[in-house]
Amino acid sequence: MPEKVKTYFGDSDDEPVKQAPNAPAEPAIEEPGRKKKRNKKRKRDEPTDEPPSRDDKPVTQEAPHKSKSPTNEKPESIPEQPGNEDNVVGKAHPGKPPSNSKHNSKPKSLDNKTNFTSLREKANTLYEQRKKLPIFGHSDEIRKKLRDQDVMLLVGETGSGKSTQIPQFLVNEFWCRPTDTKITQKDGKEKSIKVGGCIAITQPRRVAAISLARRVAEEMGTPLGSSSPASKVGYSVRFDTSTSPSTRVKFLTEGMLLQEMLHDPWLTKYSAVVVDEVHERGVNVDLVTGFLRNLVSCDNQGRGGVPLKVVVMSATADMESLQGFFQEGFKLQAEEQKRIENGSAKGEKENGVTKDISVCHIKGRQFSVKTIYSPEPVHDFVDAALKIIFQIHYKEPMPGDILVFLTGQETVEALEHLVNEYAIDMDPALPKVQVLPLFAALPQAAQQRVFMPAPPRTRKIVLSTNIAETSVTVSGVRYVVDCGKAKIKQFRSRLGLDSLLVKPISKSAAIQRKGRAGREAPGQCFRLYTEKDYLTLDETNTPEILRCDLSQALLNMKARGVDDIVRFPFLTRPPRESLEKALLQLLNIEALEETGSISEIGRHIAKLPLTPTLGRVLLAAAENGADCLTDVIDIISCLSVENIFMNANSEEKKEAAETARRDLYRREGDHLTMLATVRAYAAEHADRKAWAERHLVSHRAMQSVMDVRKQLRTQCRQAKLLPGDQRNDHFPDPSPVLILQSFLRGFATNTARLVPDGSYRTVVGNQTVAIHPSSVLFGKKVEAIMYNEFVFTNRSYARGVSAVQMDWVGEALAG
DNA sequence: GAGCACTGC
């Protein structure tokens, strides 16, 4: 079963206007027109962008970056992965586009040619819907603003259509064409390059990037991504890039843009970058905005003088700080300019263009949602939610499902129990209730139940963590119950541990939750807190950059030549202490020189899709030989995805799984257990899904593990750390000592030793730490442990634990 | 005896 298809991510807005809740996501581009064979026309006849074309003259299509190889490479064929149909879009087009020869591509492009008419018809139909989007009337205004100015801030409320329409408004603007220009290289020589031609739109999540690309391709009447060399819309997310030589609108994840910037710091491919969903404020978006500010407030030397347009879009109206942020950049630039002018005669560049920032506010299209506050403070929100749920159920008409926001799996399950219990004694004349839990750790099949319509005369009650706040859209909801809290992960740099704490949400999160009730009809939102409490909430979410370990972000910046971290334009500056902690961490793993500049090791690590620490481990393992590296890659792959081991919900299941898992457990600890698991899974050729189920191992997680493993292996081969020929047939016994010693090169400070009272104390800091119950070493006593994570929930836990010897730790700490 | 949510050439 395709797993993610039915989840309507589409994110906060811009979803296709009508989505039948129970219809499977349509294979938009791949299928239609299969029976249409009459259209013999050539590629020229591909539809123009906006069906009734306005003032946009279609740009003659000249592939702007011919030299680039097609991005959708699937470098190696690994043994088939049964049931891996996860990436619906990515896997749907089997053939790569013919890359360098546009003209002799008969067999593969045949489908595309015949499709163009139907694609165009579809686009024409969609055009009618697009015209009704609130943003549509602002098209001219937006274009005008961006002709005059390079930076635009756009507040687009939920349902305004910004993510799908903005790129289409801009793609045919004159400034969006590829421009031939010259740059001066380091050696002083001039070089001709093409700059621009493409618009990038960043998204915080992969699913959003892919589904938006699919939608925009439909609206533009063009095939999607690599399915045709004439495709104008593509996307790029980790493990799945689908673009063509003529891609002009590209949706990508923030992380992907950062990666592109490592190789192309001037973003020469792009005429514009649209940063969507800034209000979510993940670390990556903060880095992206920082780099973009530097780009727009410089002389565009690396772009041959061609300016980059930047559109920053947010659903919440915290635009003043963003405006100030970009203005500050222009101000600094002007000052710099002045200083130069004083010495020389140049400096006419900015004449005629006011370097200012335009702001645009688009009202959303949402149904009204009535807010009902709790008259008094609530002490037990599970109990309060129970009462409200039945109050709604008794009083409010059908249809109208209820979505309840809770803090975590524990509260979800507690309330699930209570509601079911309470429902037994319900008046049989009333409609039934169907209680559905929803949280990330829930097996995929159980998550899918949330998207199925309720049986007749039944009200769906979805009990969710904040997964439903941004990542997943449940249809049919007219009532939201919001407990006003969420679990938030906070990295405490002083202690070097992550804490998972229940905290009040922000106003903007509360608004977001409330909005979930008004997507299909007017709704109601019951807040389990008083209005007074609401008013005391923070305006916005705490940016992640203030809550996480910064070592990766810093290494990223260092790799791009930002040596002076203090002068980097942070949207929100992280406290000095956490910056220092991260620098120290990078020094410890030799990613930085004593001077603070990036080392060779650091440069290498920065290119890996891993935390610096895991990157360091990988390089250390390479020193221990190819076999050790291969094994360590397997383990690292597990560590960089969600938990691969699942929990049984019933006792018998648990027992059965324990028995089946027994042969995977290794007394050395979790790392070697993971290795055994990956090896066994990879060796299973018959039915991996069944194997995973038997062992109570998450098949979905293992698929990600295999993706990461493949990616890391490819990278290691390219870096000559692994031999070029892949030998899947030889599996020498792993060497636990070498493997664990490799890990200690990155995790020497994540170690604890057994003290006489039977507890573990960290080697650095002497804090008490307990082995997490999910570990195979739980309850075991060994000389010393090394762990990947130090987390605080109800107490301090070490997760990802292996037994090590104190003298190894000593060696590793000594360097 | 325990698991907020995302993400990377």
Side-chain angles (χ1 to χ4, degrees), chain A residues 9 11 68-69 71-73 75 202-209 236-241 252-264 277 280-285 287-288 405-413 438-442 464-472 483 485-490 498-503 505 509 512 541 544 547-548 552-553 555-556 559 605-612 614-615 640-647 649 654 698 701 704 707-708 711-712 714-715 718-719 770-775 778-779 789 791-795 797-799:
Chain A
F9 293 87
D11 223 316
K68 289 263 155 62
S69 63
T71 21
N72 191 23
E73 45 198 341
T202 70
Q203 291 295 321
R205 280 170 291 280
R206 291 196 257 175
V207 267
S236 178
V237 302
R238 190 183 187 187
F239 308 126
D240 189 5
T241 289
L252 31 59
T253 49
E254 292 149 0
M256 215 59 177
L257 187 71
L258 286 174
Q259 280 306 133
E260 285 191 8
M261 288 179 98
L262 268 186
H263 295 108
D264 181 12
E277 314 282 8
E280 291 194 19
R281 295 296 301 276
V283 202
N284 286 347
V285 94
L287 292 186
V288 165
F405 284 101
L406 298 162
T407 52
Q409 185 179 341
E410 201 182 322
T411 47
V412 165
E413 284 172 346
L438 179 65
F439 45 88
L442 199 68
S464 174
T465 62
N466 52 2
I467 187 172
E469 194 177 300
T470 50
S471 309
V472 167
C483 77
K485 299 204 157 55
K487 273 191 193 173
I488 294 183
K489 198 174 191 169
Q490 178 126 26
D498 270 324
S499 304
L500 200 51
L501 303 169
V502 176
K503 290 198 156 183
I505 59 173
Q512 177 82 14
N541 294 342
E544 196 188 358
R547 310 178 346 231
C548 73
Q552 202 166 4
L555 188 64
N556 217 300
I605 294 174
K607 290 183 188 154
L608 295 166
L610 297 170
T611 60
L614 286 177
S640 56
V641 309
E642 61 194 290
N643 203 349
I644 60 170
F645 296 109
M646 295 194 302
N647 304 308
N649 31 23
K654 200 168 176 174
S698 161
S704 313
D707 280 338
V708 178
Q711 188 184 25
L712 292 175
T714 306
Q715 257 173 304
Q718 280 162 358
I771 296 176
H772 195 272
S774 64
S775 171
F778 176 69
E789 269 189 304
V791 290
F792 183 86
T793 48
N794 291 318
R795 56 191 292 204
Y797 285 111
R799 283 170 59 175

Whole angstrom is fine here: how far is it from [atom1] in [X] over to [atom2] in [N]?
X: A:Arg281; N: B:dC4; atom1: CZ; atom2: P; result: 25 Å
X: A:Asn541; N: B:dC4; atom1: CG; atom2: C1'; result: 12 Å
X: A:Leu442; N: B:dA5; atom1: CG; atom2: P; result: 10 Å
X: A:Glu410; N: B:dG1; atom1: CD; atom2: C1'; result: 12 Å
X: A:Asp498; N: B:dA5; atom1: CG; atom2: C1'; result: 13 Å
X: A:Asn794; N: B:dG1; atom1: CG; atom2: P; result: 12 Å
X: A:Glu789; N: B:dG3; atom1: CD; atom2: P; result: 11 Å
X: A:Lys489; N: B:dC4; atom1: NZ; atom2: C1'; result: 9 Å

Using a 4.0 Å heavy-atom cut-off across all strands, classify [X] as base, sugar-phosphate, or nothing.
X: A:Glu469; value: nothing
X: A:Ile467; value: sugar-phosphate
X: A:Leu258; value: nothing
X: A:Leu608; value: base

Problem set entry | DNA chain B: 5'-proximal contact among A:Leu438 and A:Ser236 (nearest heavy atom) |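 Nearer the 5' end of the strand: A:Leu438.
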For this session: Would you mind telling me which residue lines up with the more 5' stretch of DNA chain B, A:Pro609 or A:Arg547, judged by nearest nucleotide?
Result: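 Looking at DNA chain B, the more 5' nearest nucleotide goes with A:Arg547.
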Where the side chain of [X] is defined as all heavy atoms beyond and including C-beta, which of [options] is the nearest nucleotide?
X: A:Thr253; options: B:dG1, B:dT7, B:dC4; value: B:dT7
X: A:Phe439; options: B:dA5, B:dT7, B:dG3; value: B:dA5
X: A:Asn466; options: B:dG3, B:dG1, B:dA5; value: B:dA5
X: A:Ser471; options: B:dA2, B:dA5, B:dC4; value: B:dA5
X: A:Ala440; options: B:dT7, B:dG3, B:dA5; value: B:dA5
X: A:Glu544; options: B:dA2, B:dC4, B:dA5; value: B:dA5
X: A:Thr465; options: B:dT7, B:dC4, B:dG3; value: B:dC4

For this session: Indicate yes or no for a side-chain donor-acceptor contact from A:Gln512 to the backbone of A:Glu469 under 3.5 Å, with no hydrogens or angles considered.
Result: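 Side chain of A:Gln512 to backbone of A:Glu469, a donor-acceptor pair under 3.5 Å: yes, one is there.
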Exercise. Does A:Arg547 use its side chain to pair, donor to acceptor, with the backbone of A:Lys489 at less than 3.5 Å?
Worked result: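 Pair found, side chain donor or acceptor close to backbone of A:Lys489.
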Exercise. Within a radius of less than 6.0 Å around CD of A:Glu410, do more than 12 heavy atoms belonging to other residues, nucleotides or ligands occur?
Worked result: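 Counting neighbours around CD of A:Glu410, 12 or fewer heavy atoms of other residues, nucleotides or ligands fall under 6.0 Å, so no.
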For this session: With the side chain counted from C-beta on, respond yes when A:Thr202 and A:Met256 share a heavy-atom pair under 4.5 Å apart, and no when they do not.
Result: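 When only atoms from C-beta onward are counted, A:Met256 and A:Thr202 do not touch, as no gap falls below 4.5 Å.
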For this session: May I ask you to test the A:Ile467-A:Leu438 pair for a side-chain heavy-atom distance under 4.5 Å?
Result: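 They are in contact (side-chain heavy atoms under 4.5 Å apart), so the answer is yes.
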Exercise. Going by an N to O cut-off under 4.0 Å, is there a salt bridge joining A:Glu280 and A:Arg205?
Worked result: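 A salt bridge links A:Glu280 with A:Arg205.
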Exercise. Are OP1 or OP2 of B:dG3 and a side-chain N or O of A:Thr793 less than 4.0 angstrom apart?
Worked result: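 Answer yes for this pair, as a side-chain N or O of A:Thr793 is under 4.0 Å from OP1 or OP2.
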Problem set entry | Phosphate OP1/OP2 of B:dG1: any A:His772 side-chain N/O under 4.0 Å |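 For B:dG1, neither OP1 nor OP2 has a side-chain N or O of A:His772 closer than 4.0 Å.
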